[in-house]
Amino acid sequence: MRLYNTMSREVEEVRPSDGTVRIYLCGVTVYDYSHIGHARTIIVFDVLRRYLIHRGYSVKFVQNFTDVDDKIIRAAREKGVRPLELAEYFIEQYFNDFDRLNVLRADHYPRATEHVGDMHALIKGLMDKGYAYTTSKGVYFSIVRDADYGKLSKKPIDELKAGARVEVDEEKLDPLDFALWKFAEDEPSWDSPWGRGRPGWHIECSAMSMKYLGETFEIHGGGEDLIFPHHENEIAQSESLTCKEFARHWVHVGMVNVKGEKMAKSLKNIEPIRSALSRWGPNAIRLYCLSAHYRKPLEYDESLLRQALAVWRDVENALFELEHAMQVPADEGSRVADELRAIVDDSFSTFMESMDDDLDTPRAIASLLVPIRAVNRYAAEDMLDGSIAGAVMKRLNDMLFILGLRRADVSMEERARIEEMVRRRSMLRAEKRYREADEIREMLRAEGVELVDHRDRTVWKKLG
RNA sequence: GGUGGGGUGGCAGAGCGGCUAUGCGCCCGCCUGCAGAGCGGGUAUACAGGGGUUCGAAUCCCCUCCCCACCUCCA
């Protein structure tokens, strides 16, 4: 597949050397609930991963948790809990949110605090090679020793120095030198060959990505706000040490904006995932996050979520119609089945083509809607049957898998109960006892089950 | 100032040299005991502005204007 590479600023073919695509995603710092901005990045990578899996690659996916950091320590102090407890709590919340968003679990979720030893090894290596030095505050990486520093963000170093907004630290050799290890005595802190302290922010990702994926791997990414300085510094550390290319492909996801401003905790304009979930549900949120190309900014606005939900309702409707149609005796060699098969095959190839072209999800979604619409049309004309449903299910499911969309789960018990109520209502309707029939419909609606009356049967769907 | 990315119908958003993108919204119908959902049809004379190149440009080139992100922690 072809993907834009921030390093070259060009769309390039992803070419894993051995059929395995190794992906490292910079995850979240766990000091608060995750918001829609995080969801976008993580969902985009989830879809990338799902697509690659579907294409037959084996994918090794690693995503870190930054669980030691000044913000965590500050937040813990305010709440009167220990920093690691706070981090643990928000990690649990993270899984809660993203499981509900149907994001596949990574192969590893390394935590910074569990890899301090690995970081020490890297820092020692950098010291030995003369890339790092010690001051009274910590151990720093010296960027002047790194000839190609700035190659990812394409920043001329002189410019950065001139406009440096970072505090001037007289002890550093260069204002752009960054901490590998910061001396500190308070909790949490670890002993190190240079003194007790905590890791700098960037070293954890170098240590953990190389540990789980090797010194060179295929894809490294995150939000585009990580390009500088985070990813730039990771490259500097890692490549200075190994003398090898760190990641082949750098993938960065655009920001979610609120009224034109970036959604950020510091701006107090965040929409937590948990509250968005309760209002729109996982599928609408996923469709919303994928409704714009991943490298473009995405505006957070209720009308867009509403739109995404409307799209999902169409998809969901088609899925339930198909499921019910499976029980309708098939008309052998049905012309409609052939037509629908042609429509869905065509849609599928456009879908895959779009995904292959730098993850063009808006176009992919548009092509998915073609067979959805066709199914709904046949359903409205009461023309669906088992053979038709069979003709489209597989391809449709492939597309839904890649986008990570799925309709609500219905347990056997729930299914039986719903169908019993539907049967009762049908009988009441046959006797024209509409008030009682409507009561049943209302009861079901209250629990998120919608009924669709067809000529001689009623299709129910559980809203997801 | 530097580095990137953009400006497409009421809104969102593909297209990147010739073929209706698509969706939401809105209007009118159909279906229905009613309702919702769905379906059909219609609506938008769309491509920031100005010059080129071309038989033909939203798509290529030049100029101008405007927007956003990053350059500090940040997905």
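Chain letters run A, B, ... following the sequence lines, proteins first and then strands; every chain starts at 1.
Within 4.0 Å (heavy atoms only), L226(A) reaches sugar-phosphate atoms of the nucleic acid but no base atom. Within the nucleic acid shown, H35(A) comes within 4.0 Å of at least one base atom, counting heavy atoms only. Counting non-hydrogen atoms under 4.0 angstrom, G222(A) reaches the backbone sugars and phosphates but no base. Counting non-hydrogen atoms under 4.0 angstrom, S303(A) reaches nothing in the nucleic acid. Among the atoms of the strands shown, only primed sugar atoms or phosphate atoms (P, OP1, OP2) are found under 4.0 Å from some heavy atom of N376(A). Contact annotation for Y94(A): no contact, since no heavy-atom pair falls under 4.0 Å across all strands. Residue contacts for G27(A): at a heavy-atom cut-off of 4.0 Å it reaches the sugar-phosphate backbone alone, with no base atom in range. Counting any heavy atom pair closer than 4.0 Å across all strands shown, T29(A) reaches sugar-phosphate atoms only and no base atom.
Which of rG40(B), rC11(B), rU3(B) sits closest to the side chain of K154(A) comes down to rU3(B). Closest to the K296(A) side chain, of the nucleotides rG6(B), rA75(B), rA12(B), is rG6(B).
Judged as a side chain to side chain contact (heavy atoms under 4.5 Å, CB included), and not counting sequence neighbours, the contacts of L173(A) are Y133(A), S142(A), D177(A). Applying the ring-ring contact (aromatic ring centres under 6.0 Å, His included) rule to F178(A) yields the partners F141(A), H202(A); only residues at least two apart in sequence or on another chain are considered.
Between E439(A) and R435(A), no side-chain nitrogen of the basic residue sits less than 4.0 Å from a carboxylate oxygen of the acidic one, so the salt-bridge criterion is not met. Look at E450(A) and R313(A) and you find no salt bridge, because none of the NZ, NE, NH1 or NH2 atoms lies under 4.0 Å from a carboxylate O. Comment: R445(A) does not engage D438(A) in a salt bridge, judged by the lack of any side-chain N to carboxylate O separation of less than 4.0 angstrom.
Contacts between residues 361-373 of chain A and RNA chain B, defined by a heavy-atom separation under 4.0 Å, are made by P362(A), R363(A), A366(A), L369(A), R373(A).
Comparing the same atom, C1', in rU59(B) and in rU53(B) gives a spacing of 13 Å after rounding to whole Å. Between rG56(B) and rG18(B), the two P atoms lie 14 Å apart (nearest whole Å). A distance of about 8 Å separates the P atoms of rC24(B) and rC39(B), rounded to the whole Å. Comparing rC67(B) with rC27(B), their C1' atoms sit 33 Å apart, to the nearest whole Å. Taking atom C1' on both rG15(B) and rA57(B), the two are 13 Å apart, rounded to the nearest angstrom. Distance noted for atom P between rC65(B) and rA21(B): 32 Å (whole Å). Here, rC55(B) and rC16(B) have their P atoms 22 Å apart, quoted to the whole Å. Taking the P atom of each, rU43(B) and rC63(B) are spaced 40 Å apart, rounded to whole Å.
Across the protein-nucleic acid pair, H454(A) atom NE2 and rC39(B) atom C1' stand 10 Å apart, rounded to whole Å. If you take CE of M7(A) and C1' of rG4(B), they are 15 Å apart, rounded to a whole angstrom. Between the CG atom of D357(A) and the C1' atom of rC16(B) there is a distance of 11 Å, rounded to whole Å.
Both key distances under 3.5 Å define a Watson-Crick or G-U pair, and stretches of 3 or more such consecutive pairs in RNA chain B run B:1-7 with B:65-71, B:10-12 with B:22-24, B:25-30 with B:38-43, B:48-52 with B:60-64.
Taking the nucleotide of RNA chain B with the nearest heavy atom to each of H202(A) and R9(A), the more 5' of the two is matched to R9(A). Both I227(A) and L304(A) lie near RNA chain B, and the one whose nearest nucleotide falls closer to the 5' end is L304(A).
For the pair R22(A) and Y212(A), the cation-pi test (distance below 6.0 Å, angle within 45°) is failed. With F401(A) as the aromatic partner, R50(A) meets the cation-pi criteria of under 6.0 angstrom to the ring centre and within 45 degrees of the ring axis.
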For nucleotides 27-37 of chain B, give me one character per nucleotide, 5' to 3': B if any protein heavy atom sits under 4.0 Å from the base, S if the only such contacts are to the sugar-phosphate, - if neither. ------BBBBS
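Side chains of N64(A) and E204(A): a donor on one and an acceptor on the other come within 3.5 Å. In this model, no donor atom of one side chain and acceptor atom of the other lie less than 3.5 Å apart for R286(A) and N102(A).
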Quiz: residues 454-464 of chain A side-chain donor-acceptor pairs under 3.5 angstrom, not counting sequence neighbours:
residue	atom	partner	partner atom	Å
H454(A)	NE2	E321(A)	OE1	3.2
H454(A)	NE2	E321(A)	OE2	3.3
H454(A)	NE2	A379(A)	O	3.2
R457(A)	NH2	D382(A)	OD1	3.3
T458(A)	OG1	D453(A)	OD1	2.9
W460(A)	NE1	H324(A)	NE2	3.4
W460(A)	NE1	E419(A)	OE2	3.3
K461(A)	NZ	N317(A)	OD1	2.9
K462(A)	NZ	E414(A)	OE2	3.0

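Considering all non-hydrogen atoms of both residues, L298(A) and S291(A) come closest at CD1-OG, 4.0 Å. Across Y149(A) and A236(A), no two heavy atoms sit closer than the pair CD1-CB, 3.7 Å. Between A112(A) and D67(A), the shortest heavy-atom contact is N-OD1, 3.3 Å.
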